[in-house]
Amino acid sequence: MNTEEIEVDTNQAIQTQHAMLVIWGLFAQQIGLVDKIEKVKLSQKSREHTPQRKVLEFLTAILAGCEHLKDISRSAHPLDQDEAVAEAWGQEKWADYSGVSRTLASLSQSETDELIEAFNEIEQPYLTQEIESALSSQEHLVYDADLTGRPVSSTSNTYPDAAFGYMGDTIQLGYQSALVSLHSPTYGRLWISNHLHPGDTVSVTEAKELVLSAEVRTKIRPLRRPELVKERIEQDEAELSRLHEKAATSEEKLLTAKAVVREVQLQLGEANSLFSTYEREYSSENREPTAHCRFTRTKRKIATYQERLPRCQKQLDVAQRRFERHQRKYQEYLLSLEQLRIHYQQLLTDNEGNPHPVRIIFRIDAGFASQENIDWLIEMGYEIFTKDRGTKAKDILAQTLSDTTEWHRVGRNATMTTFPSTTLDGTFTYPLDAALLRYQTGETVRQSVLFHFGTDDVVSEPEYWFHRYNERQTIEAGIKEGKSVFQMHHLKVRSAQALQLQEHLACFAANFVRFAAQWLTQQQTESIPFDTSSVKEMVTVCAHTSAWVWRKADAWLLKFSDHSLFAGRFLRIGNGPIQLPLPMLYSFHFCHF
């Protein structure tokens, strides 16, 4: 490689207090992010700063791990005063945080959707590459899903659609974020889906939305299992026929009960009419009724009918409720069967339009694991690793234990016994692999149940099963990263659209930092002074580290300042040679790439 020295006047150097933001800005320009966002049409007026610029500034604030939006302008080293960062992001300068706040508050839903789509388009090539890499190396994909709280002040009334719900171990006001991550061979974890919901949202209601949103984002899906649904349809049709007969029988009994009531009412009316006639006749003739005369017999009939009528009415009420119950159950089953038929046809259509189905493993925690959700995931073609959400399965499995039960050590304090292909006495529609876990903590023994559906022989490899499920801690680590690194435990905005955008940008930022780290590594000819695998270090340390920045054409050089943790170290980005002016007789030479 040819080397070439170019003198750079030290007066041309710019100092930044946010070295990593400069690097990320250069990466953002290279991948077309800045141009993509600036082309999104936003209806707000532009004075000194465009609304698109302020959206990018909001992203840089998230990348910097700002706790509050005002930190853009009111921190020890204000981001909006950093000329090097603005230039790296292709901007003349940044706006005050108040302008960013107004822009975000004014976003419409359609504008927010367009912005999110623009960010997704930037991510898509990386996502596609990682999917191909995962399929090439392991022949399947692994998704993890979870729900995490976004609490706000319990006395606040300015957050739209916020609601009280369980967040951690307490009830708090705020939102629930539904997230899906992809296990990535290169980056470890990539966010592929996120949705913000009111705080009272629970996991069990979100499983389907998470799966479908992941399919939309990745544009791939597994082979559906319509044959399983067809079997259910056949079974349900037989059950529907039985319910129809039951409803018809109860209707006949209802009609009979109505006829009896009408008959008794008619008889009572006739008896009352006769009684009135006899009463007038006996009165006009001054006759005294006898024990067996017409007057007395009619009076007895009236009493009999009056006593009989409430019993018949009660029988009618019972028949009415029974008929309504049977009819309601029949209608519900009919509607359910119709939905199942639609589901079946949709699965067939999905398979017809999916020439290259992919094996996908979906790992979810107990909160998502209802019978309905597990049935649906299986029918949608997914393989499942999950945990029992109640005590019923644990009680059923515990009853099968004996002195000869074989327990396998799967962890330091955990043992496990497995049960292949069981519906747990009809608890589940389709047979699942089940495992009973025992955790020993001192004198205390806790139990839990794992479930699996798929092609892996987890029953004969309990340790693999145990660790395979617990690998979903990667999404829990991602949630922790979002809260502690990108400061998502502080909601920086309050309008519904801005909250939605912030949620998306936090996930985008986590992915973006990982993409940029790999890119930065490829740019360097010498070792990088920080750990590019640590998102936390790059955000909390490197994004708040001072450096001198030189630029020559498309080449940028960063020298960390003497007050930096990485004092004297260099980073080189871009094409073209740069010679950093140094005191005395020392010089550094940088080669063409």
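For Arg225 (side chain) and Ile378 (main-chain N/O), a donor-acceptor pair under 3.5 Å exists by modelled atom type. Of the possible polar contacts, none joining the Thr296 side chain to the His292 backbone as a donor-acceptor pair under 3.5 Å is found. Distance alone, capped at 3.5 Å, is enough to place a donor-acceptor pair between the Asp365 side chain and the Gly367 backbone. Listed for the Gln176 side chain is a donor-acceptor partner under 3.5 Å among the backbone atoms of Tyr166.
Glu406 CD to Thr415 OG1: the interatomic distance, rounded to the nearest 0.5 Å, is 11.5 Å. With rounding to the nearest 0.5 angstrom, the CG atom of Asp388 is 9.0 Å from the CD1 atom of Ile396. Rounded to the nearest 0.5 angstrom, Asn373 CG and Ser203 OG are separated by 9.5 Å. Between the CG atom of Asn413 and the OG1 atom of Thr444 there is a distance of 11.5 Å, given to the nearest 0.5 Å. To the nearest 0.5 Å, the span separating OG on Ser101 from CG on Leu69 amounts to 5.5 Å.
Around atom CD of Glu285, more than 12 heavy atoms belonging to other residues, nucleotides or ligands sit under 6.0 Å away. Atom CD of Glu372 is surrounded by 12 or fewer heavy atoms from other residues, nucleotides or ligands within 6.0 Å. Residue-environment remark: NZ (Lys480) stays at or below the threshold of 12 foreign heavy atoms within 6.0 Å. Within a 6.0 Å radius of NZ in Lys230, no more than 12 heavy atoms belonging to other residues, nucleotides or ligands are found. Summarising the local packing, CZ of Phe419 is surrounded by more than 12 heavy atoms from other residues, nucleotides or ligands at distances under 6.0 Å. The 12-atom threshold is exceeded at NE2 of His489, counting heavy atoms of other residues, nucleotides or ligands nearer than 6.0 Å. In Glu227, the CD atom is crowded: over 12 heavy atoms of neighbouring residues, nucleotides or ligands sit closer than 6.0 Å. The 12-atom threshold is not exceeded at CD of Glu307, counting heavy atoms of other residues, nucleotides or ligands nearer than 6.0 Å.
Contact annotation: the side chain of Arg217 approaches that of Glu123 to within less than 4.5 Å [non-hydrogen atoms, C-beta and beyond]. At least one side-chain heavy atom of Ser177 sits less than 4.5 Å from a side-chain heavy atom of Leu196. You'll find the side chain of Leu377 stays beyond 4.5 Å of the side chain of Phe368, heavy atoms only. Using a 4.5 Å cut-off on side-chain heavy atoms (C-beta onward), Phe323 and Lys253 make no contact.
Electrostatic pairing of Arg472 and Asp146 counts as a salt bridge here, judged by a charged N lying under 4.0 Å from a carboxylate O. Salt bridge status for Glu263 with Arg308: absent, with no side-chain N to carboxylate O gap under 4.0 Å. Salt bridge Arg359/Glu383: present, at least one basic N to carboxylate O contact under 4.0 Å.
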Where do Tyr278 and Glu281 land on the side-chain contact (heavy atoms from CB on, under 4.5 Å) test, with the steps shown first?
CA-CA 5 Å; Tyr278 294 152; Glu281 181 180 325; 4.3 Å; yes
Could you go step by step and tell me if His195 and Glu503 meet the side-chain contact (heavy atoms from CB on, under 4.5 Å) rule?
CA-CA 8 Å; His195 293 276; Glu503 189 67 36; over 6 Å; no
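Across Leu450 and Tyr469, no two heavy atoms sit closer than the pair CD2-CD2, 3.8 Å. Residues Leu436 and Val449 come closest through the heavy atom pair CD1-CG2, 3.8 Å.
The aromatic rings of Phe428 and Phe451 stand perpendicular to each other, their planes meeting at an angle above 60°, with 30° marking the opposite boundary.
Because its NZ or CZ atom is both nearer than 6.0 Å to the ring centre of Tyr439 and within 45° of the ring axis, Arg446 counts as a cation-pi partner of that residue.
Just one residue in the list Val142, Leu141, Ile361 forms a side-chain contact (heavy atoms from CB on, under 4.5 Å) with His183, and that residue is Val142. For the pairing with Glu237, the salt bridge (charged side-chain N to carboxylate O under 4.0 Å, His left out) check across Arg341, Arg232, Arg242 returns one residue only, Arg341. When each of Glu461, Met416, Arg438 is checked for a side-chain contact (heavy atoms from CB on, under 4.5 Å) with Val410, only Met416 meets the rule.
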